[in-house]
Amino acid sequence: MSEPANYRLTPDAAGFFGVYGGVHVPECLVGPLREVADAYNRISRCADFIAELRYIRKHFQGRPTPVSYCRRLSDRLDGARIYLKREDLNHSGAHKLNHCMGEVLLAKYMGKKRVIAETGAGQHGVALATAAAYFGLECEIHMGEVDIAKQAPNVARMKLLGAKVVPVSFGLRTLKEAVDSAFTEYLKDPVSTLYCIGSVVGPHPFPLLVRDFQEVVGIEAREQFLEMTGNLPEAVTACVGGGSNAMGIFRGFINDPTALYGVEPLGKGPKTGDHAASMTYGTPGIIHGFKCYLLQDDKGEPLPVYSCASGLDYPGVGPEHCLLADQGRASYQVVNDDEAVAAFELLSRLEGIIPALESSHAVAQAMHAARRYAPEDVIIVNLSGRGDKDMDNIRQYKEGRGQ
Ligand SMILES: *Cc1c(COP(=O)(O)O)cnc(C)c1O
C-alpha cells in the first residue's frame, strides 16, 4: 500500500486525482469555477463556517446518525457480522443532505441569492430544495420532462419546499439534458447563483467539496464503532452511483487496514444499456467536465445506463474512486437488481429497517462478502438512505416478474 499521507493530498490544486478529475469545460465556465474553488478554500477553513455547519448537523439533520448491529441478519450468515451506518436516519432520509447543507451554506457565505441544480430521479432536487428552504435561498431545479412524468412525488416535494422546477424539453428530456440546461442557466448569472452538484462528480472543485461534506459519515462511523467494540472493522462497503456516500464513509477509514468495497449496479446483467457499472465495465473518458471511468461508445459519448435503483444509474463515477481503484486501495464489485431486491426484503424482515434500493446493493454485497471473513470480523455497510420511496418501484418490479 502507498504512504497513507498520499490519500490526504488529493486532489492537487488543479483538481486532479491522479489522471482523473480536472476541469474539462468550455472557456466561459473556467472563471466561475475558479471563483467557487477559491471561495471554498477560504470559507471552509473559517471558524464561523465550521461552527455553523456543526450546529446544523446536530440540531437540524439529527447527526450523529447511529451505527447499528444487525444481530438477526448476522446470525443468518456465515462469517463476518454486519453493522450499518444509518444515513437513512439523516434528515430527509438519505446522505444527500450532508453535502446539500454544506453547499447551500457555502452559497450563503459567498453572498449568493440562488442555488441551481439538475436532478434525475429527483432525490438531489429534494435534498437541495430542503437545504435552500432552511437558509431562505431561491432554488431552481432543472429536470427532464420524461423524469418529471415518472417522479411526480419528488416534483411535488420540491415545489412544497419552495423550489422552482424547470422542465427540460429538448433531446431525450432526461438527466443529460437537465445538466446542460442547468449549466446554461447558471452561466447567465454566476454572480448571484451557485451551482450545486449532486455527487462527487463534475469539474473541480465539486468532487472535493462534496467529498469533504460527506466525510462526516466516515469520521462518525469510525469513532462510534471504536467506542462500541474497541476495534476497527475489517471492511466497509457502500453503493456507488456518482460515489458520494461511498467516498464519505471511505475517507474515515482510508488510513486504516480496513478493506474498502464500492458496489456498482449490475441491473439486468452485463449487456450494454442494462447496467450502470462504470468502474467495472467503463474506460477512461470525459463526462460533465471531468475525467473518470465511463460507459461510453466509440465516439466518447456516454452510453445509456440502467438500474432498478434510480440513484445509481450514472454512466460515470467520481474521479477519486477511479484513483483508489487504480491504486488498489478500494475494490469495486457488482450486484444485480435481483440480489438488491432480495437484500431489501431480507433487511426489512430481519432488522425492521427498510433500506433504499441503492443501499440494498451494498447490503447484498456485504452478505456475500461475509463468507470470506471469520465470525469475529465485522463489515460496516453505509446504509445511504431509507426505502420508503421505493415501495412502488418494488411492486412494479415484482409484477414484472409475475411474483
Ligand atoms: C443518490 C443516492 C445514492 C447514489 O449517490 P452516491 O453519490 O453514489 O452516493 C445512493 N443512495 C441513496 C439513498 C441515494 O439517494
Side-chain angles (χ1 to χ4, degrees), residues 65 84-100 102-103 117-130 147 151 153-154 157 175 196-202 206-218 236-251 260-265 276-279 288 290 292-293 305 307-322 324 330 332 335 340 343-344 347 353-365 381-391 393:
T65 58
L84 305 175
K85 175 60 173 165
R86 301 289 305 280
E87 291 306 292
D88 58 315
L89 295 178
N90 193 36
H91 176 49
S92 83
H95 72 289
K96 282 196 175 71
L97 197 66
N98 297 331
H99 60 252
C100 286
E103 286 176 314
E118 74 288 335
T119 195
Q123 299 301 111
H124 176 52
V126 171
L128 192 64
T130 303
D147 292 327
Q151 307 288 345
N154 277 342
R157 279 182 197 115
L175 182 62
C196 293
I197 211 145
S199 187
V200 286
V201 299
F206 293 117
L208 167 69
L209 68 87
V210 171
R211 175 255 269 171
D212 287 355
F213 291 140
Q214 287 295 347
E215 194 174 20
V216 64
V217 175
V236 160
T237 182
C239 63
V240 175
S244 65
N245 87 88
M247 262 338 294
I249 197 157
F250 284 6
R251 290 291 294 191
L260 306 176
Y261 296 112
V263 186
E264 299 197 290
S278 332
M279 299 286 299
H288 298 151
F290 71 108
C292 65
Y293 284 107
V305 287
S307 164
C308 65
S310 55
L312 300 181
D313 61 358
Y314 185 62
V317 59
E320 194 162 8
H321 285 292
C322 305
L324 291 179
Y332 294 82
V335 159
F344 174 91
L347 195 73
I353 297 169
I354 302 176
L357 264 178
E358 290 82 1
S359 325
S360 303
H361 285 73
V363 175
Q365 190 272 345
V381 177
N382 195 13
L383 202 78
S384 54
R386 66 174 183 227
D388 311 57
K389 68 177 178 62
D390 292 312
M391 293 311 296
N393 209 341

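Read the numbers this way: they start at 1 and go in the same order the structure lists the ligands and their atoms.
With ligand atoms numbered from 1 in the order given, ligand 1 contributes 10 (C), 11 (N), 12 (C), 13 (C) to contacts under 4.0 Å with heavy atoms of S384. Listed by number with element, the atoms of ligand 1 under 4.0 Å from a non-hydrogen atom of G241 are 8 (O). Close contacts between ligand 1 and G385 involve ligand atoms 13 (C) [criterion: under 4.0 Å to a heavy atom]. Listed by atom number, the atoms of ligand 1 under 4.0 Å from C239 heavy atoms are 10 (C). Per-residue contacts place S199 under 4.0 angstrom from the following atoms of ligand 1 (heavy atoms of the residue considered): 6 (P), 7 (O). Near S244, with a cut-off below 4.0 Å to any heavy atom, the atoms of ligand 1 are 6 (P), 7 (O), 8 (O), 9 (O). Below 4.0 Å from some heavy atom of A356 lie the following atoms of ligand 1, by number and element: 13 (C).
Each of N98, N382, N245 was evaluated against Q214; a single residue qualifies, N98, per the side chain to side chain donor-acceptor pair (under 3.5 Å) test.
The shortest heavy-atom contact between F290 and V201 is CZ-CB, 3.6 Å. Between H124 and C196, the shortest heavy-atom distance links the atoms NE2-O, 3.0 Å.
Side-chain contact check for Q365 and T237: at least one donor-acceptor pair (N or O, by modelled atom type) lies under 3.5 Å. Looking at K96 and S244, their side chains never bring a donor and an acceptor atom within 3.5 Å of each other.
A donor-acceptor contact shorter than 3.5 Å is absent between the side chain of E87 and the backbone of V217.
Residue E358 has no nitrogen or oxygen atom sitting less than 3.5 Å from a nitrogen or oxygen atom of ligand 1, judged on distance alone. At least one N or O atom of G242, backbone or side chain, sits closer than 3.5 Å to an N or O atom of ligand 1.
Looking only at protein heavy atoms, the nearest one to atom 1 (C) of ligand 1 is K96 NZ, 1.4 Å. Of the protein's non-hydrogen atoms, the one nearest atom 4 (C) of ligand 1 is G311 O, 3.3 Å.
When non-hydrogen atoms are compared, ligand 1 lies under 4.0 Å from the side chain of H95 (C-beta onward) but not from its backbone.
In this structure, R386 falls outside the shell of residues with a heavy atom less than 4.0 angstrom from ligand 1.
Interatomic distance, R386 CZ to N90 CG, rounded to the nearest 0.5 Å: 10.0 Å. With rounding to the nearest 0.5 Å, the separation of OH in Y314 from NE2 in H288 is 5.0 Å.
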*For the pair H321 and F250, evaluate ring pair (Phe, Tyr, Trp, His ring centres under 6.0 Å) and give the outcome as yes or no after the intermediate values.*
CA-CA 10 Å; H321 285 292; F250 284 6; 5.8 Å; yes
